Visitor: 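My questions will all concern the structure given below.
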Amino acid sequence: LDGAIAGAEVVPATDPPTTRRVDLSIAASGETRLGSSADLRSLSISSAGDSVVFGGDVVADRSIEIAFEGPGTGTVSNAGTGVTLHTNRVELAASDSSETDGRTAQIVLGEAVNLDLYATTGTTLAPAALVLDQDGAIDSASVSRLADAVAVAGVTDLALALRSNDAVSL
């Protein structure tokens, strides 16, 4: 997708005007490339390819979910300059349903892809959350890369979930 994606639309037929937010869901069998910035309610990308590339910052009020299905390593990267994903919850997942032992698929967060996580307020408080769920092992290098990428704005609490069909070693 190239060009800015504006996720808010003002609906003038209502009184007062209503703003609608967009939930964007993408399913792709090859590389998924967002050419520039996006401002959404939520973003969900499911890829059978090997990479998701962001060309600009993404703001998603609720969550950003990126899931890879298939063998090997799924990579989340930028298109040449650093990007930041601003949201309350990030879920990164990799699985390979064709693998009988289920221990190979993994996800890598590339350099200069940063996560700006924040708590939501309003009727229900939701702490900032980061989930890494993959078939392959999760080691201290993977967790360190995530820790380096995360900035938790204005909050002290972060819900961190690590799930693996293999070992988790910190």
Side-chain angles (χ1 to χ4, degrees), residues 1-14 16-70 74-79 81-95 97 105-110 112-135 142 145-147 149-163:
L1 299 173
D2 202 4
I5 301 167
E9 172 188 3
V10 176
V11 182
T14 60
T18 303
T19 300
R20 284 192 286 208
R21 301 289 290 155
V22 174
D23 295 308
L24 178 59
S25 179
I26 298 170
S29 58
E31 178 181 89
T32 302
R33 181 176 289 268
L34 276 71
S36 60
S37 63
D39 184 359
L40 307 161
R41 181 169 47 198
S42 67
L43 173 63
S44 176
I45 298 173
S46 176
S47 177
D50 60 359
S51 63
V52 171
V53 180
F54 291 99
D57 292 350
V58 175
V59 175
D61 299 337
R62 293 183 180 168
S63 65
I64 296 174
E65 300 171 1
I66 301 171
F68 292 95
E69 167 57 41
T75 303
V76 180
S77 62
N78 65 59
T81 59
V83 296
T84 301
L85 309 179
H86 307 270
T87 191
N88 168 254
R89 180 180 184 86
V90 170
E91 293 188 34
L92 304 172
S95 63
S97 59
Q106 61 184 356
I107 190 165
V108 172
L109 189 63
V113 175
N114 300 300
L115 309 175
D116 177 20
L117 302 177
Y118 52 83
T120 58
T121 57
T123 57
T124 57
L125 177 64
L130 175 59
V131 177
L132 175 60
D133 185 351
Q134 64 184 30
D135 286 351
S142 302
R145 172 60 195 116
L146 289 175
V150 172
V152 181
V155 296
T156 56
D157 296 332
L158 172 66
L160 175 62
L162 303 174
R163 300 179 192 128

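Owing to the predicted nature of the structure, the values given are computational and were not obtained by experimental measurement.
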Visitor: Using a 3.5 Å cut-off and no angle test, enumerate the donor-acceptor pairs between side-chain atoms of residues 50-61 and protein atoms at least two apart in sequence or in another chain.
Guide:
from	atom 1	to	atom 2	distance (Å)
Ser51	OG	Glu31	OE2	3.1
Asp57	OD1	Thr84	N	2.8
Asp61	OD1	Arg21	NH2	3.4
Asp61	OD2	Arg21	NE	2.9
Asp61	OD2	Arg21	NH2	3.1

Visitor: State, yes or no, whether a side-chain contact exists between Arg89 and Val131 at a heavy-atom distance under 4.5 Å.
Guide: yes
Visitor: Given side chain to side chain donor-acceptor pair (under 3.5 Å), test Ser95 with Glu69 step by step and report yes or no.
Guide: CA-CA 5 Å; Ser95 63; Glu69 167 57 41; 3.0 Å; yes
Visitor: Using atom types as modelled and distance alone, determine if a side-chain donor or acceptor of Arg145 lies under 3.5 Å from a backbone N or O of Gly110.
Guide: yes
Visitor: Heavy atoms only: give me the nearest Arg41-Asp23 pair and the separation to one decimal.
Guide: NH2-OD2, 2.7 Å
Visitor: For the atom pair CG (Asn88) and CG (Leu130), what is the distance rounded to the nearest 0.5 Å?
Guide: 11.5 Å
Visitor: Hey, are the side chains of Ile45 and Leu34 touching, using non-hydrogen atoms and a 4.5 Å cut-off?
Guide: yes
Visitor: How long is the straight-line distance from CD1 of Ile64 back to OG1 of Thr87, given to the nearest 0.5 Å?
Guide: 5.0 Å
Visitor: Quick check for you: to the nearest 0.5 Å, what is the distance between Leu85 atom CG and Leu117 atom CG?
Guide: 9.0 Å
Visitor: If you round to the nearest 0.5 Å, how far is CZ of Arg163 from CG of Asp135?
Guide: 13.0 Å
Visitor: CG/Leu109 to CG/Leu132 distance, rounded to the nearest 0.5 angstrom?
Guide: 9.5 Å
Visitor: Roughly how far, to the nearest 0.5 Å, is the OG atom of Ser42 from the CD atom of Glu65?
Guide: 7.5 Å
Visitor: Considering non-hydrogen atoms only, spot the tightest contact between Ala79 and Arg33 and give its length.
Guide: CB-NH1, 3.8 Å
